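None of the values given here were measured: they were computed from a predicted structure.
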Amino acid sequence: MPKLIIIRGNSGSGKSVIAKQLQQDLQPRFAKDLGHGTMLVSQDVIRRDILRTKDGPGNPSVQLIKDTATYGLNIGFDVIIEGILVRNVYGTMLRELSALFTETHAYYFDISFEETLRRHHTKPNAHEFGEEEMRRWYVPKDLLSLPDERIFNDHQSQNDIFRSILSDLQDK
């Protein structure tokens with residue numbers, strides 16, 4: 001049965017890197033099963049690249065993320081949704097999606113502002129926005145309160161987080 005994997009956190013927390021690693025790691029495992037794969041739904045790609053819309057309540061990316069994830073479910077793919085995905089804009093949609101999948105794994109990167117800023121400076125797109133924007137976007141402790149939502153913090157390396165998520169996915 002397809003899994004829903006939700007990876008959320010503030011800008012610069014490392015969620016995109018983990019989501020891409022997960023997709024790469026999960027995809028080959030099922031390559032022999034015709035029709036089964038892993039779909040990565042990135043909030044940034046849908047909101048900024050496809051729709052070119054500002055984030056906030058009522059923006060069309062909420063529905064497109066839901067529709068894309070539902071399509072993945074309908075064709076039998078595991079779906080990874082990744083992004084800042086603030087609760088007050090995306091929470092209802094993410095809870096609705098969770099109810100559609102038989103298995104949901106939700107992760108929140110509870111990384112301090114200082115650490116997200118440090119990580120941001122190592123990214124190739126660091127020149128696109130800076131500390132002022134990141135401070136404005138930063139929402140601490142923005143949990144969805146989904147069952148078994150896991151929280152990662154500054155003290156866990158990206159490798160530790162990746163291995164922990166893989167372990168969760170294999171345990172069920």
Side-chain angles (χ1 to χ4, degrees), residues 1-30 36-47 55 61-62 64-73 76-120 122-123 134-135 137-172:
M1 297 304 278
K3 298 174 182 69
L4 175 63
I5 304 158
I6 302 169
I7 300 176
R8 303 173 53 250
N10 285 293
S11 182
S13 61
K15 62 200 173 303
S16 299
V17 171
I18 296 295
K20 288 173 187 170
Q21 286 177 319
L22 281 172
Q23 184 188 32
Q24 288 175 353
D25 192 79
L26 295 173
Q27 189 73 29
R29 198 175 302 157
F30 302 108
H36 191 101
T38 304
M39 177 186 288
L40 174 57
V41 181
S42 169
Q43 175 192 11
D44 282 349
V45 170
I46 288 182
R47 187 186 62 75
D55 207 0
S61 65
V62 177
L64 187 53
I65 290 170
K66 183 178 184 181
D67 292 346
T68 305
T70 302
Y71 174 78
L73 170 66
F77 276 43
D78 290 330
V79 176
I80 302 167
I81 299 179
E82 172 276 319
I84 296 173
L85 300 163
V86 292
R87 180 184 59 224
N88 72 340
V89 176
Y90 297 88
T92 299
M93 178 270 294
L94 292 170
R95 283 188 284 282
E96 289 171 357
L97 273 176
S98 178
L100 297 176
F101 284 78
T102 56
E103 188 176 327
T104 297
H105 301 268
Y107 302 95
Y108 181 71
F109 287 50
D110 186 25
I111 310 298
S112 69
F113 179 75
E114 294 73 20
E115 180 61 15
T116 61
L117 189 59
R118 185 194 70 73
R119 292 178 185 186
H120 171 71
T122 68
K123 294 168 52 174
M134 289 181 70
R135 193 172 297 281
W137 303 330
Y138 190 81
V139 180
K141 309 280 187 228
D142 191 41
L143 301 174
L144 287 174
S145 300
L146 285 171
D148 302 320
E149 182 174 16
R150 300 234 359 240
I151 302 167
F152 297 114
N153 61 42
D154 294 19
H155 306 295
Q156 294 164 291
S157 72
Q158 285 192 317
N159 194 39
D160 291 340
I161 292 169
F162 177 71
R163 285 195 323 256
S164 180
I165 294 173
L166 273 183
S167 176
D168 288 350
L169 298 175
Q170 293 167 351
D171 286 347
K172 291 203 173 190

Inset, instruction - Kindly determine whether Lys66 and Thr70 satisfy side chain to side chain contact (heavy atoms under 4.5 Å, CB included), including the steps that lead there. - result: CA-CA 6 Å; Lys66 183 178 184 181; Thr70 302; 4.2 Å; yes

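- Of all the heavy atoms in Leu40 and Ala19, the pair that sits closest is CD1-CB, 3.7 Å.
- In this structure Asp160 satisfies the salt bridge (Lys or Arg N to Asp or Glu O under 4.0 Å) test together with Arg163, sequence neighbours excluded.
- In this structure, Leu85 CG and Arg8 CZ are separated by 6.5 Å, a value rounded to the nearest 0.5 Å.
- Expressed to the nearest 0.5 Å, how far CZ of Arg95 lies from OH of Tyr90 amounts to 14.5 Å.
- Judged by distance alone, with hydrogens and angles left aside, the side-chain atoms of Glu149 form a donor-acceptor pair with the main-chain N or O of Leu144 at under 3.5 Å.
- Panel note: side chain Ser98, backbone Leu94; no donor-acceptor pair is recorded below 3.5 Å.
- Of all heavy-atom pairs spanning Tyr108 and Lys141, the tightest one is OH-N, 3.7 Å.
- Ile65 places a side-chain heavy atom less than 4.5 Å from the side chain of Gln43.
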Inset, instruction - Begin with the C-alpha distance, continue with both residues' side-chain angles, and end with the deciding distance and a verdict on side chain to side chain contact (heavy atoms under 4.5 Å, CB included) for Ser164 and Gln156. - result: CA-CA 10 Å; Ser164 180; Gln156 294 164 291; 5.8 Å; no

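- For the residue pair Gln23/Asp78, the side-chain donor-acceptor check at 3.5 Å is not satisfied.
- Rounding to the nearest 0.5 Å places CZ of Arg118 at 9.0 Å from CG of Asp154.
- Here CG of Leu169 is found 6.5 Å from CG of Leu22. Values are rounded to the nearest 0.5 Å.
- With sequence neighbours left out, Tyr107 forms a ring pair (Phe, Tyr, Trp, His ring centres under 6.0 Å) with Phe152.
- Looking only at side-chain heavy atoms (C-beta outward), Glu103 and Leu4 stay at 4.5 Å or farther from each other.
- Going from atom OH of Tyr138 over to atom OG of Ser13 covers 9.0 Å, rounded to the nearest 0.5 Å.
- Within the 4.5 Å cutoff, side-chain heavy atoms of Trp137 are placed close to those of Ser11.
- Taking both residues in full, the closest heavy atoms of Met39 and Tyr71 are given as CE-CD2, 3.9 Å, listed atom of the first, atom of the second, then distance.
- Residue-environment remark: NZ (Lys20) stays at or below the threshold of 12 foreign heavy atoms within 6.0 Å.
- In this structure, the side chains of Ile111 and Asn10 stay at 4.5 Å or more apart for every pair of heavy atoms.
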Inset, instruction - Take Leu146 and Ile6 through the test side chain to side chain contact (heavy atoms under 4.5 Å, CB included) and record every step on the way to the result. - result: CA-CA 10 Å; Leu146 285 171; Ile6 302 169; 3.9 Å; yes

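- No side-chain donor-acceptor contact under 3.5 Å links Asp110 to the backbone of Ile151.
- Using a 4.0 Å cut-off between charged nitrogen and carboxylate oxygen, Arg119 and Glu115 count as a salt-bridge pair.
- Separating the CD1 atom in Ile80 from the CD1 atom in Ile18 is a distance of 10.5 Å, to the nearest 0.5 Å.
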